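Beneath this line is the structure, given in structure tokens, with notes to follow.
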Amino acid sequence: MKIILSTDILSSNQDQASLNRKTLQEHGVQVFNLISSPGSGKTTLLCQTIRLLQPELRVGVIEGDIFTARDAERISQVCPDVVQLNTRGGCHLDARMIAAALKEFDLGKIDILFIENVGNLVCPAEFDLGEDEKIAVLSVAEGDDKPEKYPFAFQEAAAVVINKTDLIPYTNFDIAYARAQIRQLQPDAPIFEISTPQETGFSPWIAYLRQKAARRRGQRQS
Ligand code: MG
Ligand code: ZN
């Protein structure tokens with residue numbers, strides 16, 4: 001009998017993630033791995049983000065879902081370079097799945113790759129996919145105590161989006177409280193407050209993404 005412990009799964013995942021990262025860096029691709037619970041508005045946020053980044057930046061998307069290609073279909077309306085990964089029950093993406101998806105892209109023609117992880121704030125935080133940064137997305141409809149309840153997701157995040165801020169009047173979400181909780185877990189991460197329907201808060205978010213992509217291109221040329 002052979003027993004495979006989760007530490008082994010994580011260490012082999014780490015090897016593949018390192019390979020992914022090397023490939024992506026060689027092609028000058030800046031990669032963001034978006035993690036959140038289901039229904040935080042990642043796909044809607046991504047659609048508008050991609051509209052604002054193009055055409056100056058070339059964008060690719062890997063859509064992770066348990067079943068269906070619904071989100072990839074939505075993304076494909078704004079971005080032709082999208083690959084759907086279905087985990088068929090799995091609750092996170094792993095580095096091997098990303099390696100398979102990367103084969104579908106012409107990486108030399110992509111500046112920014114977004115990975116929309118499976119909606120789940122637990123294990124996606126533990127799996128390195130080869131990304132440059134994890135971005136945690138938290139919608140105001142979920143409650144301002146999410147960071148305390150799922151600290152690892154926020155500790156791992158290089159930046160945090162507080163999404164659906166247009167809904168604040170209809171909730172008891174305390175944005176100052178949420179920001180303070182995030183700050184305790186990640187003192188340096190920028191926090192972006194965004195509403196897609198109202199189109200507010202995008203400027204600093206888009207500037208952040210552009211700056212990261214420009215830095216990556218600079219590294220590639222040097
Ligand atoms: Mg989605
Ligand atoms: Zn999982």
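Being a predicted model, the structure only gives us computed values, none of them experimental. Counting starts at 1 for both ligands and their atoms, following the listed order.
Donor-acceptor pairing under 3.5 Å is recorded for the side chains of Ser139 and Glu142. Arg74 and Thr44 form a side-chain donor-acceptor contact under 3.5 Å, judged by distance and modelled atom types alone.
Applying the side-chain contact (heavy atoms from CB on, under 4.5 Å) test between Asn33 and each of Glu156, Glu116, Lys134 identifies Lys134 as the sole match. Checking Val78, Val61, Val59 one by one against Leu46, the side-chain contact (heavy atoms from CB on, under 4.5 Å) holds for a single residue, Val61.
Excluding waters, the protein N/O/S atoms found under 2.8 Å from the Mg ion (ligand 1) are Thr43 OG1, Asp71 OD2, Glu116 OE2.
Under the 4.0 Å criterion applied to side-chain N and carboxylate O atoms, Asp111 and Arg217 are assigned as salt-bridge partners.
Between the CG atom in Asp94 and the CG atom in Asp128 there is a gap of 11.0 Å [rounded to 0.5 Å].
Distances from the Zn ion (ligand 2) to the N/O/S atoms of His92 are shortest for ND1.
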